[in-house]
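Both ligands and their constituent atoms are indexed starting at 1 by order of listing. These numbers were taken from a predicted model, which means no experiment stands behind them.
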Amino acid sequence: MADLQLDDVTKVFTERDGNEITAVDDVSLTIEDGEFLVLVGPSGCGKSTTLRMVAGLESISSGQIRLGDTVVNEMKPKERDIAMVFQSYALYPHMTVRENMSFGLEESTDMPATQITETVESAAEMLGIGDLLERKPDDLSGGQQQRVALGRAIVRDPEVFLLDEPLSNLDAKLRAQMRTELQRLQEDLDVATIYVTHDQTEAMTMADKIAILNDGELQQVGTPLECYHEPANLFVASFIGEPSMNFFDARRDGTQLVTDQFRYDLADETVAALGEHDDLVLGVRPEDIELRSTGSDEHSYETTVDVVEPMGNENNVYLTFGDKHAESFVATIDGMNRVEAGQSVVAHIPEEAIHLFDRSSGRALR
Ligand code: ATP
């Protein structure tokens, strides 16, 4: 078993008119043996291209991809010992589940037939599709088809497992169920895995480590909690978390931040962390804002409830400073805590919860 390493990997596509698109820009990443890395980012940020380069389905413009000590840049997909599962399951419709799962082994290995049967049956058992082996794909549900696609990859016993949005064709309930199943499966298989998604919930719940891409550039690599609590920049801060972090443009005035809506006193150590930066963005997560019925202590502001979005266990409360039509920000509170549109509430923004970013570079300052 081996680590997978990407060193300064870049992919430039040249369009027909000669225009160049840098789809992946100087990405360096290590996925350790047994690690589950989720590659996440908005549509078009370069996730699939990255995965396709690792699989050998796309050439690399510059940089190096290594599996253990072997540079795989020039190796054909078949030679790489990497299995990939796509968003569209790409099962052969005329073949049974058993044939779909054994086909790759028959084609590309010299495994004896009895061993192929054993391998396929044990993978099918592992995936809970042992009783579906003689069926054709058309007679299976979406979730069952997805399991067959996974099974086809597992039987090859790869060094690296690549999954490209494998759950996006499933309904929400099945997706949640398959998320846990996939995690369990990856733990059992214990291989380096890259899982691509644009869904930050999948990233947060499944990953050992998240790599966040935007415009082909890696923004941050860390555990889900690191990316959530210590976002490296504005992009990561806005991408991770639901509802999104609230942002207020802010200017520093001595030891205060001044936004269009409020002034915010800063402790000495926060001022020190800002250095020379005074054109800032103040960020605060909805769940870090406390709502109180009254109070005028530090970091507390009079607001009006604009809209309440009940989520069951939580309420998302959209608030404005004064004017009803002013831009709102959102606080998430316990679902049992009732507030109503039009009501006046005091929003408390604790200093330990605030994030500060340099406005021009977007870089986190604290
Ligand atoms: P999605 O989540 O929508 O699948 P993605 O993050 O996987 O997006 P990629 O498919 O890797 O993004 O695409 C990255 C960029 O490269 C996009 O701007 C895309 O248009 C461009 N691109 C991808 N493949 C090609 C190609 N064969 N020729 C030219 N440009 C391409």
Return yes when atom CG of Asp17 has more than 12 non-hydrogen atoms of other residues, nucleotides or ligands closer than 6.0 Å, and no otherwise.
yes

Look at the side chain of Thr70 and the backbone N and O of Arg66, then say whether any donor-acceptor pair between them is shorter than 3.5 Å.
no

Is any NZ, NE, NH1 or NH2 atom of the basic residue among Arg292 and Glu290 found under 4.0 Å from an Asp or Glu carboxylate oxygen of the other?
yes

Please classify the Arg52 to ligand 1 contact at 4.0 Å (heavy-atom distances, strictly less than): side chain, backbone, both or neither.
neither

Does Gly216 come within less than 4.0 angstrom of ligand 1, counting non-hydrogen atoms of the residue?
no

protein heavy-atom neighbour closest to atom 13 (O) of ligand 1 works out as Thr49 OG1, 3.7 Å

Salt-bridge test for Arg366 and Glu269: reply yes if a basic N is under 4.0 Å from a carboxylate O, no otherwise.
no

For Cys45, the ligand 1 atoms with a heavy-atom partner under 4.0 Å come out as 5 (P), 6 (O), 12 (O)

Under 4.0 Å to a heavy atom of Pro42 - the qualifying atoms of ligand 1, by number
6 (O)

Find all atoms of ligand 1 within a distance of less than 4.0 Å from any non-hydrogen atom belonging to Glu165, and give their numbers and elements.
2 (O)

Residues that Asp279 engages under side-chain hydrogen bond (donor to acceptor under 3.5 Å, both in side chains), provided they are two or more places apart
Arg359

Note the single closest protein heavy atom to atom 8 (O) of ligand 1, along with its residue, its atom name and the distance in Å.
Gly44 N, 2.7 Å

Got more than 12 heavy atoms from elsewhere within 6.0 Å of CZ, Arg363?
no

May I ask whether atom 19 (C) of ligand 1 is less than 4.0 Å from at least one protein heavy atom?
no

Please report which non-hydrogen protein atom sits nearest to atom 16 (O) of ligand 1, along with the residue it belongs to and the distance in Å to one decimal place.
Ala23 CB, 3.2 Å

Identify the closest protein heavy atom to atom 4 (O) of ligand 1: which residue and atom is it, and at what distance?
Ser48 OG, 3.8 Å

Report yes or no: does a heavy atom of Gly46 sit under 4.0 Å from some atom of ligand 1?
yes

Lys/Arg-Asp/Glu bridge criterion (N-O < 4.0 Å) met for Glu159, Arg80:
no

Check this for me: His299, atom NE2, are more than 12 non-hydrogen atoms of other residues, nucleotides or ligands nearer than 6.0 Å?
yes

Are any of the N/O atoms on Ser43, whether in the backbone or the side chain, positioned under 3.5 angstrom from an N/O atom of ligand 1?
yes

Which heavy atom of the protein is the closest neighbour of atom 23 (C) of ligand 1, given with residue, atom name and distance?
Phe13 CE1, 3.5 Å

For atom 2 (O) of ligand 1, grab the closest protein heavy atom and report residue, atom and distance to one decimal in Å.
Lys47 NZ, 2.9 Å

Do Tyr318 and Phe329 have ring centroids that are under 6.0 Å from one another?
no

